[in-house]
Structure formats: C-alpha cells, structure tokens
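Below is one structure, written out as structure tokens; comments come after it.
Note that the structure is predicted; figures quoted are calculated from it, not measured. A, B, ... follow the sequence lines: proteins, then strands. Residue 1 opens every chain.
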Amino acid sequence: SQQGEEDPQALSIQEGENATMNCSYKTSINNLQWYRQNSGRGLVHLILIRSNEREKHSGRLRVTLDTSKKSSSLLITASRAADTASYFCGSYSGGGADGLTFGKGTHLIIQP
Amino acid sequence: DAGVTQSPTHLIKTRGQQVTLRCSPKSGHDTVSWYQQALGQGPQFIFQYYEEEERQRGNFPDRFSGHQFPNYSSELNVNALLLGDSALYLCASSFRGGGSLRFQYFGPGTRLTVT
C-alpha cells in the first residue's frame with residue numbers, strides 16, 4: 001500500500017513560474033521527506049520536515065506540513081528547466097527502522 | 001567519496017529464470033534498503049538489511065530474497081521471474097544511527113526486463 005499520494009500527477013509550467021505539488025498520507029509520521037527523480041534514475045533527497053514543524057525552506061524550496069490534514073506541499077520558486085523531474089513524498093510508517101513509503105509522484109515539466 | 005553504486009545497469013531475463021542484483025552503499029552507511037519501481041509508479045519498499053539480517057520487509061513474496069555482507073554491500077535475488085517483475089530496482093543506503101530522521105541515498109538503479 002502507498003502511504004503518500006501526490007497531486008497533481010503531472011504539472012507543466014513555464015520557466016520562471018512557481019510550481020506547487022501536494023502530498024497526502026494515511027498514518028501518523030515522524031517526518032516527511034521529499035525526493036526528486038530524473039528520467040528513471042535514482043531518487044535524490046531534497047528536504048525533510050519533522051512532524052512538529054509547519055514550514056521549512058531550503059534554497060528555492062518551501063515545504064509545509066499539516067498533520068491535522070495529513071498533507072504536505074512542496075513549492076519550487078522561480079522554476080528552471082533543470083527542475084523537470086518527478087517528485088515524491090516519502091515517510092517512515094514505523095519507528096524509523098524500516099523503508100520509506102512513497103506515493104506515485106508528481107511529474108513536473110518546465111517549459112523553456 | 002563514491003555514492004551508492006548498483007550493478008548491472010540493465011538486465012534482460014526470461015520468465016522463470018533467477019536474477020541477482022548488487023549494491024554497494026555509500027561510505028559510512030550500514031543499512032541497505034531495496035525498492036521496486038514499476039513504470040509510472042513510486043518506489044515500493046521490498047526489504048531492509050542491517051547487520052547482515054533482514055530487518056523489515058514490504059509486501060513482496062518469498063521469491064524476493066536478499067543478503068548483506070560484512071562490508072555492508074547487499075544483493076537482491078529474485079527467483080522464478082514473472083513478467084510483472086519488470087521494473088527499476090533501486091538500492092538505498094543510510095546510517096541506522098540517524099533513526100527516523102535519516103534520509104536515504106539512492107543508487108542509479110538496475111533496469112530489469114523480463115520477457
């Protein structure tokens with residue numbers, strides 16, 4: 001079963017615009033992590049937000065977390081062509097001694 | 001410092017055959033997790049190895065087995081291959097001491113095609 005579900009499944013925007021993608025999860029979490037995947041390659045960790053945090057920034061990335069709604073959002077500001085990729089949210093459903101559970105991802109296309 | 005490496009890059013097998021995939025974790029990491037990613041889907045957790053033992057397992061049949069060696073490298077074995085086993089297999093490593101705050105470093109994956 002999948003813990004997270006990203007929305008939208010696909011997003012196409014113009015370079016320079018902001019991109020927002022959302023993630024919903026089912027069970028309680030310790031933290032939620034966002035990863036990026038380029039063209040079927042390995043995932044790269046972007047940012048981690050703890051369950052007691054509401055917002056976190058890293059460069060052009062902003063992540064929010066609403067534990068009452070079991071949802072998170074990832075905002076990429078001033079998008080670039082290199083941001084074209086699939087984005088996944090993942091979480092540990094247990095105490096951390098297990099694997100991450102991912103949703104189906106959002107495929108982001110940045111049009112030049 | 002080399003990151004997570006996986007071999008081979010691509011593999012083509014026939015139904016019913018067996019396959020072994022290999023992974024070397026990032027330096028300093030002691031935990032290896034394996035994921036299966038079907039086309040257009042998110043990665044699905046197969047199992048995790050720590051101290052040469054399988055610690056946690058996802059919803060995968062016994063045809064999927066693994067091993068971790070003393071140098072922390074790992075193998076994923078799949079027996080009696082099915083067409084549905086065609087996927088990108090990702091290995092990820094982490095340091096167990098990070099607990100639930102650790103994030104995982106992923107390798108580039110092995111693309112398995114079963115015909």
More than 12 heavy atoms of other groups within 6.0 Å of [X] [atom1]:
X: B/Tyr72; atom1: OH; result: no
X: B/Leu83; atom1: CG; result: yes
X: A/Arg80; atom1: CZ; result: no
X: B/Ile12; atom1: CD1; result: no

Inset, instruction - Look at the aromatic rings of B/Tyr35 and A/Phe102 and report parallel, tilted or perpendicular, splitting at 30° and 60°. - result: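 Because their plane-to-plane angle is over 60°, the rings of B/Tyr35 and A/Phe102 count as perpendicular.
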Inset, instruction - Using only heavy-atom distances, determine whether the side chains of B/Gln37 and A/Gln37 contain a donor-acceptor pair under 3.5 Å. - result: yes
Legend entry - A/Tyr35 side chain vs B/Gln104 backbone, donor-acceptor pair below 3.5 Å: yes
Legend entry - Which residues share a ring pair (Phe, Tyr, Trp, His ring centres under 6.0 Å) with B/His29, sequence neighbours left out: B/Tyr105
Inset, instruction - Could you pull out the closest heavy-atom pair between A/Gly42 and B/Leu90, with the gap in Å? - result: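 What the structure gives for the nearest pair is CA-CD2, 3.9 Å.
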Inset, instruction - Compare every heavy atom of A/Phe88 with every heavy atom of B/Gly42, then report the nearest pair and how far apart it is. - result: CA-CE2, 3.4 Å
Inset, instruction - Could you grab the distance from atom CG of A/Leu100 to atom CZ of B/Phe106, nearest 0.5 Å is fine? - result: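 Taking CG in A/Leu100 and CZ in B/Phe106, the distance rounds to 6.0 Å.
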